Amino acid sequence: MKKKFLSIIFFLNILFLTNSSISSESNIYKKIDLFGEVLEKINDEYVDEINQSESMDSAINGLLQSLDPYSGYMSPEIFNEMQTETSGEFGGLGIEVGMESGVVKVISPIDDTPASKAGIKAGDYIVKIEDTQVQGKSLSEAVDLMRGPVGSSIELTVKRRGEKKALIFNIVREIIEIQSVKSDLLEGNIGYIRLTSFNENSSEQIKDKIKSLEKNQNVNSYILDLRNNPGGLLSQAIKISDFFLDNGEIVSTKSRKVSENRKWFAKKGDLTNGKTLLVLINYGSASASEIVAGALKDHKRAIIVGENSYGKGSVQSIIPLKNKGAIRLTIAKYYLPSGKSISEVGVSPDIEIDEEGKEFRIKSETDNQLNYAIKLLNG
């Protein structure tokens with residue numbers, strides 16, 4: 001009797017799950033029908049004639065951006081342009097952007113580009129491009145508005161934290177050439193390495209810079225400057241972190257797919273032989289920058305100085321589509337050795353030093369963060 005009773009319960013559970021699955025599928029089809037009906041009403045009755053193809057692109061993009069700020073749709077034209085831009089030289093303003101609350105948010109300006117020289121800062125919100133309001137536009141539409149011939153100018157209206165009035169910038173588009181690694185010898189004894197993005201050759205360039213600086217017997221400490229570095233390749237973040245570590249976990253990723261759940265560990269061999277290391281970060285330090293800063297902080301290998309980082313702790317995959325376009329989809333999240341997620345939290349500095357003054361420029365006389373770091377290292 002007991003076995004029969006259990007069999008009935010098991011059968012009812014299967015029946016409930018099957019009915020639930022059928023009901024869920026039915027609701028999806030109803031929503032698809034509803035979407036078709038809405039599109040038809042817009043096409044028939046909206047005050048202006050619409051381009052249905054563009055409307056569908058916006059709908060697809062809206063779906064992806066409802067997941068998170070980093071997922072999105074790329075039309076065939078935009079996907080092709082993106083592939084061209086990854087070659088390292090392209091025309092534009094020199095800013096890494098994302099979408100937040102319906103407006104374009106600057107993740108970081110790239111060093112020595114028109115945007116950086118004009119004074120655009122990480123965390124700025126671009127609310128107007130020329131005479132067009134950004135609110136309601138998709139990220140790809142906003143990026144399209146910012147594109148233009150090299151040598152032409154563009155007016156951006158920006159909202160900035162702490163500023164009551166909107167700021168207006170007139171910027172001339174240029175060819176953007178990305179040089180990801182720069183180095184210098186500061187005060188005769190500090191090896192300074194600035195990394196502006198994590199490109200395919202960044203780790204090899206940094207290794208060469210460290211080897212060159214290590215030849216100078218006076219070098220007793222290092223500054224790794226990751227400010228306004230929007231990230232890039234995960235593989236490069238792992239290699240660069242490993243340069244300063246002898247062992248231990250660097251980063252892990254967690255996903256719905258078991259195959260995407262991975263951990264990376266440091267190999268023995270600190271290229272700087274354990275010399276004092278200080279890492280500079282700010283609100284424009286994102287993604288791969290946060291992995292490096294977070295790993296070095298968790299292992300107590302470096303002192304982190306500056307401002308809280310951006311908080312982009314997710315992995316995006318570019319997935320091509322049949323129409324020659326693509327989607328950028330978040331497939332996993334990064335976790336630091338401590339087990340903490342970077343997403344929407346970022347990496348907090350050990351010593352918080354905010355940028356001072358409107359004339360602040362990285363690695364110049366107005367760079368109070370770098371000046372503080374130098375004084376700290378030299379006691």
Side-chain angles (χ1 to χ4, degrees), residues 70 82-83 85-90 94 96 98 107-108 110-111 122 176-183 191-213 222-253 255 260 262-272 277 279-282 284-299 301-302 304 309-318 328 330-337 342-343 346-347:
Y70 311 113
M82 186 209 77
Q83 289 173 309
E85 288 174 4
T86 54
S87 62
E89 185 177 288
F90 54 94
E96 180 85 9
I107 296 175
S108 70
I110 300 168
D111 279 6
I176 309 300
E177 294 181 17
I178 300 174
Q179 296 177 341
S180 68
V181 182
K182 300 172 186 175
S183 69
Y192 173 84
I193 299 172
R194 171 138 179 81
L195 181 63
T196 57
S197 63
F198 290 78
N199 296 333
E200 287 180 4
N201 302 315
S202 296
S203 61
E204 285 303 313
Q205 290 179 53
I206 283 191
K207 186 190 284 187
D208 291 341
K209 300 291 186 188
I210 292 174
K211 284 181 178 178
S212 177
L213 288 163
Y222 283 87
I223 293 173
L224 178 61
D225 193 344
L226 299 176
R227 290 174 297 173
N228 287 354
N229 183 325
L233 299 173
L234 172 62
S235 59
Q236 295 295 304
I238 293 164
K239 286 180 181 178
I240 290 164
S241 300
D242 198 0
F243 290 160
F244 303 99
L245 295 170
D246 267 325
N247 54 56
E249 183 181 318
I250 293 172
V251 68
S252 63
T253 57
S255 172
E260 297 293 337
R262 297 188 62 188
K263 288 187 176 184
W264 288 267
F265 295 88
K267 302 182 189 77
K268 190 165 181 62
D270 179 340
L271 295 185
T272 66
L277 175 63
V279 178
L280 288 171
I281 61 170
N282 67 357
S285 306
S287 190
S289 297
E290 296 173 288
I291 289 170
V292 174
L296 296 176
K297 180 184 179 182
D298 281 2
H299 285 290
R301 176 62 185 88
I304 313 299
S309 64
Y310 188 84
K312 184 187 180 297
S314 54
V315 186
Q316 280 72 47
S317 178
I318 304 294
R328 184 189 293 108
T330 300
I331 58 167
K333 288 187 176 180
Y334 297 124
Y335 289 84
L336 297 176
I342 304 166
S343 286
V347 176

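Remember, it's a predicted structure, so these values are computed and weren't measured experimentally. What you see below is based on every heavy atom in this structure, not just the backbone, and it leaves out hydrogens, waters and symmetry mates.
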Ser289 side chain to Asn229 main-chain N or O, any donor-acceptor pair under 3.5 Å?
-> yes
Between Gly346 and Glu290, what is the shortest heavy-atom contact and its length?
-> CA-OE2, 3.4 Å
Should we count CG of Asn247 as having more than 12 external heavy atoms under 6.0 Å?
-> no
Going through the distances and angles, do Tyr334 and Ser287 end up as a side-chain contact (heavy atoms from CB on, under 4.5 Å)?
-> CA-CA 9 Å; Tyr334 297 124; Ser287 190; 4.1 Å; yes
Nearest atoms (heavy-atom pairs only) where Ile250 meets Pro337 = O-CD, 3.3 Å
State whether the side chain of Ser241 and the backbone N or O of Ala237 hold a donor-acceptor pair below 3.5 Å, judged by distance alone.
-> yes
Rounded to the nearest 0.5 Å, how far does CG of Asp225 lie from CG of Asp111?
-> 8.0 Å
Given side-chain contact (heavy atoms from CB on, under 4.5 Å), test Val292 with Phe243 step by step and report yes or no.
-> CA-CA 10 Å; Val292 174; Phe243 290 160; over 6 Å; no
Donor-acceptor under 3.5 Å (Gln236 side chain, Asn201 main chain) | no
Please test Leu234 against Val251 for side-chain contact (heavy atoms from CB on, under 4.5 Å), starting from the C-alpha separation and ending with a verdict.
-> CA-CA 10 Å; Leu234 172 62; Val251 68; 4.2 Å; yes
What is the distance from atom NZ of Lys182 to atom CD1 of Ile206, rounded to the nearest 0.5 Å?
-> 13.0 Å
Closest heavy-atom pair, Glu249 versus His299, reported as atoms and distance to 0.1 Å, is O-NE2, 2.6 Å
Which value, rounded to the nearest 0.5 Å, describes the distance between Leu224 atom CG and Ile281 atom CD1?
-> 11.0 Å
Report yes if the side chains of Lys239 and Glu204 come closer than 4.5 Å at any heavy-atom pair, otherwise no.
-> no
Can you tell me if Asn228 uses its side chain to pair, donor with acceptor, with the backbone of Ser108 under 3.5 Å?
-> no
Does Ser255 use its side chain to pair, donor to acceptor, with the backbone of Ala332 at less than 3.5 Å?
-> no
Taking Asn199 for its side chain and Gly232 for its backbone only, find out whether a donor-acceptor pair lies under 3.5 Å.
-> no
Least distance between heavy atoms, Ser314 atom then Ser343 atom | N-OG, 4.3 Å
Starting at NZ of Lys209, measure out to CG of Leu271 and round the result to the nearest 0.5 Å.
-> 15.0 Å
Answer yes or no: is there a donor N or O on one side and an acceptor on the other, between the side chain of Glu96 and the main chain of Ile110, under 3.5 Å?
-> no
Give a yes or no on whether the backbone of Ser309 and the side-chain of Ser285 come within a donor-acceptor separation of less than 3.5 Å.
-> no
Do Thr253 and Trp264 touch side chain to side chain, with heavy atoms closer than 4.5 Å?
-> yes
For the atom pair OG (Ser252) and NZ (Lys333), what is the distance rounded to the nearest 0.5 Å?
-> 13.0 Å
Work out which heavy atom in Phe244 is nearest to a heavy atom in Leu296; give both atom names and the distance.
-> CB-CD2, 3.9 Å
Shortest non-hydrogen pair, Ile107 vs Ala286, comes out as CG2-CB, 3.9 Å
Minimum side-chain heavy-atom gap Leu213-Ile193 below 4.5 Å | yes
Inter-residue atom distance Asp270.CG - Leu245.CG, 0.5 Å rounding | 7.5 Å
Intermediate values then yes/no, side-chain contact (heavy atoms from CB on, under 4.5 Å), Val279 and Arg301 = CA-CA 10 Å; Val279 178; Arg301 176 62 185 88; over 6 Å; no
